[in-house]
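Working notes, structure below.
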Amino acid sequence: MEAAQVKPYVIYHKKPLSVRLRNAARIVFYYVIVAAVALLFLLPWIWLLSTSLKPPAQILEIPPKLIPKPFMWINYYYGVTYIKFWQYLWNTLVICFFVLIGRVFSCTLVAYSLSQVNWVGSKILFGIVLATMMLPSQVTMIPIFIIFSKLGWVDSFKPLIVPAFFGDAFFIFMMRQFFKSIPRDLIDAARLDGATHLDIYMRIVMPLSRSALATLIAFTFIWTFTDFQGPLIYLKNRELWTLSLGMRGYLQRYGAGGGTALGAMMAAATLYTLPMIIIFLAAQRTFIRGIITTGLK
Amino acid sequence: MELTYKKKSVKWSANTRREFRDGFLFALPYVIGVLAFLAYPMVASLYYSFTRYDIPKDPIWIGLKNYISLWDDRLFIKSLWNSFYLTAIGIPVQLIFALFCAILLNLKIKGQAIWRTIYVLPTLMPAVVMAILWNWILNPRLGLVNNLLKLIGIKGPLWFASPEWSKPSMIIMLTWGVGFMSILYLAALQGIPNELYESAEIDGAGVLQKFYYITIPMISPVTLFQLITGIIWSLGFFTQAYLIGGGGNNPGAPQGSLLFYGLYLYIQAFEYLKMGYASAIAWVLFLISALVTWIILKTSNRWTYYEVI
């Protein structure tokens with residue numbers, strides 16, 4: 001802040017040396033503490049990468065070395081062959097794809113109704129949205145499982161995909177908050193020109209909401225890609241497993257006690273995490289804005 | 001009987017009718033969703049909770065028996081205690097650490113975008129990978145943490161392998177992933193008008209006083225939000241507990257110390273297939289979270305501050 005608001009007299013009247021020293025020391029202290037915390041956050045990542053590249057003997061070495069020697073790139077080959085990595089990845093992506101389509105359509109339509117259409121249901125439904133966000137999902141989990149198993153949908157992707165087409169409280173809330181921020185005049189003008197709600201939704205609201213849509217897509221993708229409990233309940237057949245279940249397969253077989261497969265497991269874990277990081281780095285601002293709009297308003 | 005007068009009805013104008021029709025049609029997916037995936041399941045699970053329902057057999061009404069046997073169920077009480085521990089200690093620890101990180105990310109130093117990325121990245125790690133990785137990092141003999149502790153002459157604990165340390169280990173792992181909470185706090189910090197601090201400085205307030213009298217009240221709405229969502233999440237906490245503690249014959253190992261509420265519910269429902277009993281567990285969870293949310297909201301006007309514009 002001080003740097004941004006340099007006032008002219010500062011140039012002519014330097015602050016006394018003691019003050020400048022104290023300020024410099026304070027800045028250094030800031031950097032040290034920020035970097036120290038960053039190191040705490042980074043160490044597990046470094047450990048993941050390091051283990052994923054270590055030869056088996058080095059994994060069991062005490063004290064452990066940080067830098068693998070030699071780099072066992074072949075762990076990554078083992079990582080994707082010990083389990084059916086590509087099959088699981090494909091399954092996960094198929095689920096993500098359909099969930100994304102369902103979420104985008106249902107949540108934006110519902111959010112439009114709750115924010116731009118003046119009807120009695122909008123207040124009631126918005127109340128339900130808010131209440132549902134506070135509802136632990138475990139309460140509805142069992143009857144929903146029973147419905148899907150009576151429909152014969154266990155061991156298919158349908159129980160994981162179909163609910164996405166019927167909205168999700170969190171994302172409806174997020175989109176509604178965004179739609180509310182679209183200037184009212186724009187929509188009123190369109191209404192006066194005789195535009196229907198469908199026109200306004202398609203021609204005005206959706207095109208103006210690209211950033212919110214990006215947030216919805218990014219969050220939905222990440223949460224679906226990493227979901228564990230849903231696939232665990234519904235997918236028993238190994239051919240249908242998602243990556244999260246495949247990684248659990250590793251954990252069950254090799255545990256965390258070391259051993260030869262640990263490098264391969266960590267390599268697979270790294271590959272599984274990689275898409276999340278790429279998406280985050282590519283859409284970082286979108287993400288941060290998304291977290292903020294849902295939490296602050 | 002013949003009606004000689006027209007039935008009195010509230011006349012809706014054409015516009016109101018059209019708005020209603022459009023609003024309803026747009027919201028239709030969610031209306032169906034609420035009925036199929038919310039209203040019906042809530043009622044059904046309440047009903048199941050009064051039955052013995054060992055699928056695939058049909059449910060048999062047994063009244064309050066499930067709820068009564070919950071209190072004699074040693075494992076249920078244990079899971080309740082474990083989740084209470086995880087929530088009562090874990091959530092405050094996470095909130096405080098998240099605020100600390102947010103304050104660091106709000107300092108006027110260079111490279112904040114990079115620091116922020118580093119702080120947030122752990123949130124993106126899939127829960128399964130997080131469980132695998134931290135189980136390895138906290139491995140008593142080969143793990144990173146105990147070997148680092150050895151360097152400074154401390155003999156590290158058994159972490160996830162010991163009943164005393166398994167829950168603190170879990171809290172450490174979850175605290176590592178507080179990135180989203182930090183971002184919310186950071187946004188709240190950036191929303192505090194600078195004039196407040198400036199006028200406090202003129203009045204001679206120190207750093208701690210400014211923090212206590214300005215920062216904490218100004219971010220209290222965010223604290224309220226994170227407290228409620230955090231508690232609800234923590235009570236249903238499942239994935240890492242299942243992967244590290246495990247189900248089966250020895251659930252929540254070691255010695256049931258990782259048998260959290262969400263895990264016990266899963267075991268009763270999907271390992272023992274006791275849907276009636278599990279529904280009772282789910283409804284107790286619902287009542288507890290509703291009660292906690294209500295209490296927090298009721299008392300929140302004492303400690304949250306909303307700006308009156």
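Protein chains get the first letters and strands the later ones, always in sequence-line order, with residue 1 at the start of each.
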Evaluate A/I142 against B/Y53 for side chain to side chain contact (heavy atoms under 4.5 Å, CB included), listing each step before the verdict.
CA-CA 11 Å; A/I142 290 168; B/Y53 189 8; over 6 Å; no

Please report the C-alpha distance between B/T117 and A/Q284 in whole Å, then the side-chain angles of each, then the deciding distance to 0.1 Å, and finally whether the side-chain hydrogen bond (donor to acceptor under 3.5 Å, both in side chains) criterion is met.
CA-CA 8 Å; B/T117 306; A/Q284 201 179 149; 2.9 Å; yes

Could you walk me through whether B/L235 and A/Q138 pass side chain to side chain contact (heavy atoms under 4.5 Å, CB included), step by step?
CA-CA 10 Å; B/L235 290 175; A/Q138 282 83 359; over 6 Å; no

Show the numbers, then the answer: is there a side chain to side chain contact (heavy atoms under 4.5 Å, CB included) between A/Y31 and B/K110?
CA-CA 9 Å; A/Y31 276 108; B/K110 282 191 184 129; 3.3 Å; yes

How far apart are the C-alpha atoms of A/L48 and B/M125, what are their side-chain angles, what is the distance that settles it, and do they pass the side chain to side chain contact (heavy atoms under 4.5 Å, CB included) test?
CA-CA 11 Å; A/L48 173 68; B/M125 186 178 269; 4.1 Å; yes

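Residue contact with chain B, scored on non-hydrogen atoms closer than 4.5 Å, involves the side chain of A/I172 exclusively. Neither the backbone nor the side chain of A/S122 comes within less than 4.5 Å of any heavy atom of chain B. Only the side chain of A/L281 comes within contact range of chain B, judged by heavy atoms closer than 4.5 Å. Proximity to chain A (any heavy atom under 4.5 Å) is restricted, for B/F270, to the side chain, taken from C-beta onward. Of the atoms belonging to A/I233, it is side-chain heavy atoms, and not backbone ones, that fall under 4.5 Å from chain B. Contacts of A/I279 with chain B are absent, with no heavy-atom separation under 4.5 Å from either backbone or side chain. Contact annotation for A/S149: neither backbone nor side-chain heavy atoms come within less than 4.5 Å of a heavy atom of chain B. Only the backbone of B/A36 comes within contact range of chain A, judged by heavy atoms closer than 4.5 Å. Proximity to chain B involves both the backbone and the side chain of A/M247, based on heavy atoms less than 4.5 angstrom apart. When heavy atoms are compared at a cutoff of 4.5 Å, A/F225 does not approach chain B at all. The contact between A/A35 and chain B is made by backbone and side chain atoms together, counting heavy-atom distances below 4.5 Å. Looking at A/Y112, only its side chain comes within 4.5 Å of chain B, counting heavy atoms on both sides. Residue contact with chain A, scored on non-hydrogen atoms closer than 4.5 Å, involves the side chain of B/F97 exclusively. For a residue to count as touching a neighbouring chain, one of its non-hydrogen atoms must lie under 4.5 Å from one of that chain's; by this rule A/I128 touches chain B with backbone and side chain alike.
Among all heavy-atom pairs drawn from B/K108 and A/I27, the shortest one is O-CD1, 4.4 Å. Among all heavy-atom pairs drawn from B/P41 and A/I144, the shortest one is CG-CG1, 3.8 Å. Across all non-hydrogen atoms, the minimal contact from A/L60 to B/L142 is O-CD2, 3.4 Å. For the residue pair B/A27 and A/W119, the shortest heavy atom distance occurs at CB-CZ2, 3.9 Å. Across A/P136 and B/L285, no two heavy atoms sit closer than the pair CB-CD2, 3.9 Å. Listed here is the closest heavy atom pair of B/Y30 and A/L125: CD2-CD2, 4.0 Å.
Using a 4.5 Å heavy-atom threshold, the side chains of A/L232 and B/Y266 count as touching. For the pair A/V110/B/F26, no side-chain contact is recorded, criterion being any heavy-atom separation below 4.5 Å from C-beta on.
Among the candidates B/F180, B/F20, B/W176, B/W233, the residue making the largest number of heavy-atom pairs closer than 4.5 Å to chain A is B/W176. Most heavy-atom pairs under 4.5 Å with chain A: of the set B/Y119, B/F286, B/W115, B/Y261, this distinction falls to B/Y119. In terms of non-hydrogen atom pairs under 4.5 Å with chain A, the most contact-rich of B/V34, B/I228, B/T293, B/L38 is B/L38. Chosen from B/N147, B/D22, B/L144, the residue pairing most often with chain A at heavy-atom distances under 4.5 Å is B/L144. Of all the listed residues (B/P126, B/A282, B/P140), the one sharing the greatest number of non-hydrogen pairs under 4.5 Å with chain A is B/P126. Between chain B and the options A/L42, A/I146, A/D227, the largest number of non-hydrogen pairs under 4.5 Å is found for A/I146. In terms of heavy-atom pairs under 4.5 angstrom with chain B, the leader among A/S244, A/G121, A/P63 is A/S244. Listed options B/F160, B/Y47, B/Y40, B/F24 were ranked by heavy-atom pairs under 4.5 angstrom with chain A; first place goes to B/F24.
Residues meeting the side-chain hydrogen bond (donor to acceptor under 3.5 Å, both in side chains) test with A/T270, sequence neighbours left out: none. For B/E201, the salt bridge (charged side-chain N to carboxylate O under 4.0 Å, His left out) partners at least two apart in sequence or on another chain are B/K210. Residues passing the side-chain hydrogen bond (donor to acceptor under 3.5 Å, both in side chains) test with B/S45, sequence neighbours excluded: B/W283.
Ring-plane geometry between A/F228 and B/Y242 is classed as tilted, the angle between the planes lying from 30 to 60 degrees on a 0 to 90 degree scale.
For a heavy-atom cut-off of 4.5 Å, chain B lies close to A/H197, A/L198, A/Y201 in residues 194-202 of chain A.
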